[in-house]
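The structure appears below as structure tokens.
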Amino acid sequence: MSTEHCRSCGSCGFPMRIPDDFAGSNPDTEYCSTCADEDGALRPYDDVVQANADYLVRQQGIDLLAAREMARALLASMPAWRERP
Amino acid sequence: MSAYSLSTYSFNMPTTATRPSQRTRQRDATRRRLIQAGLRVVAAEGFAGASTAAIARATGKAHGTVFVHFPTRAALVAELVAEVGRAMSAELAQLASGAPTLPEVLDAHLLALKKHEQLYARVLCEASTLPKSARAQVFALQSGIAFRLRNAWQRARAQGTARDLDPVALSNIWISLTNHYLMNRDLFAPGGSVIAQCGAALKAQLLDLIRP
């Protein structure tokens with residue numbers, strides 16, 4: 001996580017600034033509201049990949065399969081998923 | 001590095017509530033130096049010139065030290081791109097607070113681009129050769145900009161100050177425009193900042209396009 005700037009989601013890197021950015025609107029959680037449930041528990045990997053791919057498609061219109069591949073590549077570098085086989 | 005200070009980059013270091021051991025502090029400091037040196041080498045030579053050997057040389061450390069902290073060159077490159085992306089997206093998150101207008105979002109984006117112009121232009125020019133995770137960082141950052149633009153456009157449209165259009169097209173036009181100028185900054189603003197020189201004109205062009 002960044003220590004000088006606002007915190008970023010440990011799952012997808014999304015910068016979290018306001019309470020609604022955090023899972024369950026709880027600023028003590030490590031993850032954003034997309035990657036974790038109301039209790040702050042990380043959602044299943046495939047669900048997080050899909051949510052991040054949908055976001056890329058919605059914002060930039062890229063191909064869904066390419067977006068899924070990009071989402072997997074993005075998550076692979078994040079603390080929550082780095083050790084995933 | 002002439003155009004900006006590396007102190008801009010926070011380096012993604014773990015934080016602990018307790019005082020870290022001397023060994024941990026030394027390890028973290030070495031990792032910081034490697035990232036700092038990596039950013040310097042990339043700014044000067046591009047990613048193509050940022051070999052692990054060159055980065056190790058820039059820190060005065062043995063080549064093998066790099067691999068103590070990063071298992072592969074791809075992991076190091078991904079971390080360098082992530083560092084730039086984190087710094088830029090954090091700045092956007094700070095500036096685009098509340099319900100910013102379209103001009104405010106464009107200004108915030110231009111400010112972040114100007115601050116990180118040299119490194120971000122390198123990232124864009126070499127994006128297709130970067131590891132997938134690094135390229136994904138670029139797209140994640142661009143999606144953050146697109147998200148803010150879309151929200152600001154929706155508010156402007158509701159107020160009758162922006163015309164109907166495909167919000168994906170709006171974002172992609174803006175991203176394409178700024179990326180084109182950044183990737184050819186040596187032609188648009190030789191020796192200077194292309195965002196400082198052309199940013200205001202780019203913003204005016206986009207606002208002209210969406211005027212009802």
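Naming convention: chains lettered A, B, ... in sequence-line order (proteins, then strands); numbering from 1 in each chain. Computed from heavy atoms alone, side chains included, the values below leave out hydrogens, waters and symmetry copies.
Salt-bridge check for B:Asp28 with B:Arg31: failed, with every basic side-chain N at 4.0 Å or more from each acidic carboxylate O. Using a 4.0 Å cut-off between charged nitrogen and carboxylate oxygen, B:Arg86 and B:Glu79 count as a salt-bridge pair.
When heavy atoms are compared at a cutoff of 4.5 Å, A:Ile62 approaches chain B solely by way of its side chain, counted from C-beta outward. There is no contact between B:Leu149 and chain A, counting heavy-atom distances below 4.5 Å. A:Arg58 touches chain B through backbone and side chain together, each having a heavy atom under 4.5 Å away.
Here the shortest heavy-atom pairing between B:Met88 and B:Leu141 reads SD-CD2, 3.9 Å. Residues B:Leu170 and B:Trp153 come closest through the heavy atom pair CD2-CB, 3.5 Å.
Heavy-atom pairs under 4.5 Å with chain A peak, among B:Ala134, B:Ala169, B:Ser143, at B:Ser143.
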